[in-house]
2 protein chains.
Amino acid sequence: MGRLQTFDHGVVVQAARDLFWNKGYDAASLADLEAATGLGRSSLYHAFGSKRGLFDAAVTDYLETIIRPRLSGLRSGATDASALLDYFGSLARATAAQASDSVQIGCLLVNCAAGLAAHDDPSRAVVEGYRIELSAALRHALVSASVAAPAAAAAPIDANAVLDERVRTLASLSMSAMLIARVNRTEAIALLNTASNQVRVWFPGPTH
Amino acid sequence: MGRLQTFDHGVVVQAARDLFWNKGYDAASLADLEAATGLGRSSLYHAFGSKRGLFDAAVTDYLETIIRPRLSGLRSGATDASALLDYFGSLARATAAQASDSVQIGCLLVNCAAGLAAHDDPSRAVVEGYRIELSAALRHALVSASVAAPAAAAAPIDANAVLDERVRTLASLSMSAMLIARVNRTEAIALLNTASNQVRVWFPGPTH
DNA sequence: TATATAGTAAAACGATCGTTACAAAACCAG
DNA sequence: CTGGTTTTGTAACGATCGTTTTACTATATA
């Protein structure tokens, strides 16, 4: 054995994550990463191998720290529509609470992936994986809500097709809200509120 | 007077536009632009001043050549829901027709702006202007369709709020389809078809 | 304490970036 | 044909990029 690490691996990754989140992959230079993490190039390269390696660690941390906690409520939350309302409500509140100079605006994947996923297959796979995970979580919450409040009127002709449409609509509102969060924050919040309203239309009841 | 330009200004701008569309702003180097346009640095800088000047010209051309023609059908099209169905249908068909190696995948603004709009106010203004224009066009088409097919059942409690929600839903589906077009093209098409289906639900009738 | 191992610091690397300078070539007006 | 203006070709510029190298320091183990 030799000398021990003097820095906290997780803290460094999160500092880098916020920088990528804020500036994007290309615009975040190694000098910026040194300043943000407090580490020198040597330590960064020794610990992560490359700028891309650090970015990958940042993305992994983002998924585990930011995304999955948000989605967990959809998977294991209440069995009525409140899980969906909580999801969009907390997302809207988080977007509203961010200062305009916050480093965490929008979605790290949306901000960076649009640039990287164009010609980088690994990045594309990460973004697609996120989309699938989001859609699956929304779908789960939607079926839970449907079980709690069975079809309002006539039996749906093709319940599965309706479900697909609803999943896409909600996923679309989530993604586009993240996309324009850095351009027009109030509109991003309005999009998330639109999602909540749509849920209330689908599942009227005493929940709200 | 002196020597005349030997190249077609519009052709050069469109070649640059396709390159930016495909690779993004940062990743499109001047060497790439030389190759794509067939011009040397001298000519490019003489005609456009800088890389950014060429990009701005490309964005302007994109709005006038690609975006506005698409939106014009929403503003001056049929007075029923078919204008909306045409819009999403042609967008879906265009997305489906693109080869996976096409240089025109997704939306130039979505692909580039996510990177630039973060810390560049002019870019942010362009993106926000596009969003406003898209929303206005969708709103116009929605009110036209509503006039043609007056409220199906009971009078809407707040017709304006309903309209806002519908505009946001359709704009969201358009934008998110462009966002993930380079990640999963079939899902992008599915999002656009979801928009069409939603329109059909709102405006049932003999149009379809 | 000796030694091997691992973290840190500093500097320089080669490559690429957007931009500019300079001069030759091409053309219109007189 | 000539003067003046504009376009184009070539080359170099300075800056910045991510990466690598080299040397040095610190610490756990034996």
Side-chain angles (χ1 to χ4, degrees), chain A residues 1-59 111-113 115-120 122-123, chain B residues 1-59 111-113 115-120 122-123:
Chain A
M1 293 293 292
R3 181 175 167 183
L4 298 178
Q5 269 191 173
T6 62
F7 60 88
D8 185 316
H9 194 90
V11 170
V12 167
V13 170
Q14 293 194 3
R17 147 169 76 77
D18 287 347
L19 185 68
F20 286 125
W21 198 342
N22 181 245
K23 303 189 67 170
Y25 179 77
D26 284 323
S29 69
L30 243 79
D32 294 332
L33 288 166
E34 287 180 311
T37 60
L39 266 58
R41 299 160 123 77
S42 296
S43 304
L44 289 176
Y45 269 83
H46 186 79
F48 302 100
S50 66
K51 178 186 179 183
R52 181 54 187 266
L54 178 54
F55 177 74
D56 291 340
V59 169
N111 295 354
C112 295
L116 280 183
H119 295 96
D120 178 63
S123 290
Chain B
M1 295 296 291
R3 181 175 169 182
L4 298 178
Q5 272 189 349
T6 62
F7 60 88
D8 186 314
H9 195 90
V11 171
V12 167
V13 170
Q14 293 194 3
R17 147 168 76 78
D18 287 348
L19 185 67
F20 285 125
W21 197 341
N22 181 246
K23 304 190 67 171
Y25 179 78
D26 285 323
S29 69
L30 243 78
D32 294 331
L33 287 165
E34 286 180 313
T37 61
L39 267 57
R41 298 161 124 75
S42 296
S43 306
L44 289 176
Y45 270 83
H46 185 77
F48 302 99
S50 66
K51 179 185 178 182
R52 181 55 186 267
L54 178 54
F55 177 73
D56 291 339
V59 169
N111 294 353
C112 295
L116 281 183
H119 295 97
D120 179 61
S123 290

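Naming convention: chains lettered A, B, ... in sequence-line order (proteins, then strands); numbering from 1 in each chain. Bear in mind the structure is a predicted one, so any value in this text is a computation, not a measurement.
Here the CD-CG distance, from B:Q5 to B:L39, works out to 8.5 Å after rounding to the nearest 0.5 Å.
Distances from the side chain of B:R41 to the nucleotides D:dT8, C:dA11, C:dG18 place C:dG18 closest. In the set D:dT8, C:dT8, C:dT19, the nucleotide with an atom closest to the side chain of B:F7 is D:dT8. Distances were taken from every side-chain heavy atom of B:S42 (C-beta onward) to each of C:dT8, D:dT10, D:dG18; the shortest belongs to D:dT10. Proximity note for A:S50 (side chain, C-beta onward) versus D:dA11, C:dT8, D:dT19: the nearest is D:dT19. In this structure, the nucleotide among C:dG18, C:dT8, C:dG7 sitting nearest to the side chain of B:S29 is C:dG18. Considering only side-chain atoms of A:K51, the nucleotide from D:dG18, C:dT19, D:dT8 that sits closest is D:dG18.
Ring orientation note: the planes of A:F48 and A:H9 are tilted relative to one another, at an angle of 30° to 60°.
Comparing A:A27 and A:G49, the nucleotide of DNA chain D nearest to each residue sits closer to the 5' end for A:A27. Heavy-atom nearest nucleotides on DNA chain C were determined for B:Y25 and for B:T6, and the one closer to the 5' end corresponds to B:Y25.
A distance-only check finds no donor-acceptor pair linking the side chain of B:N111 to the backbone of B:G24 [under 3.5 Å].
To the nearest angstrom, C1' of D:dA12 lies 14 Å from OH of B:Y45. Across the protein-nucleic acid pair, A:L39 atom CG and C:dA10 atom P stand 13 Å apart, rounded to whole Å. The separation between A:E34 atom CD and D:dC17 atom P is 11 Å, rounded to whole Å. Spacing between atom CZ of A:F48 and atom C1' of C:dG7 amounts to 13 Å, rounded to whole angstrom units. One can place CD of B:Q5 at 14 Å from P of C:dC28, the figure rounded to the nearest angstrom. Rounded to an integer number of Å, the gap from B:L30 CG to C:dT19 C1' is 8 Å. Taking atom CZ of residue A:F20 and atom C1' of nucleotide D:dG18, one finds them 12 Å apart after rounding to whole Å. The CG-C1' distance, from A:L33 to D:dT19, rounds to 14 Å in whole Å.
In this structure, the side chains of A:N22 and B:H119 come closer than 4.5 Å at one or more pairs of heavy atoms. Under the 4.5 Å side-chain criterion, counting only non-hydrogen atoms from C-beta, B:F55 is in contact with B:C112.
Among the protein residues, B:A28 comes within range of the sugar-phosphate backbone only, with heavy atoms under 4.0 Å from sugar or phosphate atoms but none that close to a base.
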